[in-house]
Protein chains: 2
Amino acid sequence: MGKKLYNISVEATLEVIGGKWKCVILCHLTHGKKRTSDLKRLMPRITQKMLTQQLRELEDDGIVKRIVYNQVPPKVEYELSDYGSSLTPILDSLCMWGETHIIKEYGDKFAVLEENVLNRRDDEVLVDELMEKEVEMT
Amino acid sequence: MGKKLYNISVEATLEVIGGKWKCVILCHLTHGKKRTSDLKRLMPRITQKMLTQQLRELEDDGIVKRIVYNQVPPKVEYELSDYGSSLTPILDSLCMWGETHIIKEYGDKFAVLEENVLNRRDDEVLVDELMEKEVEMT
DNA sequence: CAGCATCCGGAAGGATACTG
DNA sequence: CAGTATCCTTCCGGATGCTG
């Protein structure tokens, strides 16, 4: 393997999760196993190509597990590996900081969440989190 | 301001610290105020153009403060703003995960640290951290 | 449904020279 | 020393069509 040289250890982290969509994908996976079609719906702007590419890289780095069901039509699921789960606290922190930042910038965080996010069925954790915060603020 | 739409809150975080060099710069700044020339030395691979660009964006987002001394030759320092300091726990976690990852991948973490990192004078915190871990492992 | 191959435009980022 | 401006190359990533 070609050893890479780093000037600071965070560069090693960025090499793994620094891809354009990787943190977003991983954040969704912290909420549980997801099918390819689930991920597509959760990330309407990602292209098929990028989704597969980023998932492959995460798989190669041992961050996510790819579960293939041998059936027709095909079914593939992705979930955090044990090693990938060590990123969960970081991913949660990144999400929480984002929520705070959105509030700081826009006041009402719902103003910047797309409808598909609020209407989705299988990943209501975020919405629940936001609802809780909303209650705290009243 | 043009409101951006997000599908998950981490996207807001990435818009602020997702730039190619931003996390690296911020990690260095968690160790204290730095002159432009310091940052250049700490990041030998970054170009002048990118350094300035990333710093400007971080400044615009209220993450870093730019301190200009009116003197000749010019002297400029950068440091985390109060708001930027709210990222410190995340940045520390990212660094720590990177160290663990380096150990997992290469065994000896010193094998992948460039010499300029080990020889530098003003940012020995990382080295100290590594030394401590080394001791723990023996 | 999940994924691959191909083409292609545009943004990202490097190199260089110049300014105060 | 710190920063700007310009040019130029690279390659990321989108769009499309096809396969099992």
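Chain identifiers are assigned alphabetically (A, B, ...) following the order of the sequence lines, protein sequences preceding nucleic acid strands; residue numbering begins at 1 within each chain. Atoms considered below: every heavy atom in the structure, side chains included; atoms not considered: hydrogens, waters and symmetry mates.
The NZ-C1' distance, from A:Lys34 to C:dC1, rounds to 18 Å in whole Å. Protein atom CG of A:Asp38 is 13 Å distant from nucleotide atom C1' of C:dA2, rounded to whole Å. To the nearest angstrom, C1' of D:dG14 lies 15 Å from NZ of A:Lys40. The distance from atom CZ of B:Arg66 to atom C1' of D:dC1 is 12 Å, rounded to the nearest whole Å. Between B:Leu55 atom CG and D:dC1 atom C1' there is a gap of 15 Å when expressed in whole angstrom units. In this entry the distance linking OH of A:Tyr69 with P of C:dG3 reads 13 Å, nearest Å. One atom, CE of A:Met43, and another, P of C:dA2, lie 13 Å apart when rounded to the nearest Å. Rounded to whole angstrom, the span from the CD atom of A:Glu57 across to the C1' atom of C:dG3 amounts to 16 Å.
Between B:His101 and A:Tyr83, the ring planes are parallel. Angles under 30° get that label, and only those over 60° would be called perpendicular.
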For nucleotides 13-20 of chain C, give me one character per nucleotide, 5' to 3': B if any protein heavy atom sits under 4.0 Å from the base, S if the only such contacts are to the sugar-phosphate, - if neither. BBB----B
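Residues A:Tyr78 and A:Glu59 bring no donor and acceptor atom of their side chains to less than 3.5 Å of each other. Using modelled atom types, one finds a donor on one side chain and an acceptor on the other under 3.5 Å when comparing B:Gln48 with B:Lys40.
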Go through it in stages, so that I can follow the logic: the residues are B:Leu58 and B:Ile25, the test is side chain to side chain contact (heavy atoms under 4.5 Å, CB included), and I'd like the CA-CA distance, side-chain angles, deciding distance and then a yes or no. CA-CA 10 Å; B:Leu58 288 170; B:Ile25 292 173; 4.3 Å; yes
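No donor-acceptor distance shorter than 3.5 angstrom exists from the side chain of B:Ser93 to the backbone of A:Ile90, with no hydrogens or angles considered.
Between B:Lys22 and B:Glu57 a salt bridge is recorded (basic side-chain N to carboxylate O distance below 4.0 Å).
Along DNA chain D, the nucleotide nearest B:Thr52 and the nucleotide nearest B:Arg35 are compared for position; the residue whose nucleotide lies closer to the 5' end is B:Arg35.
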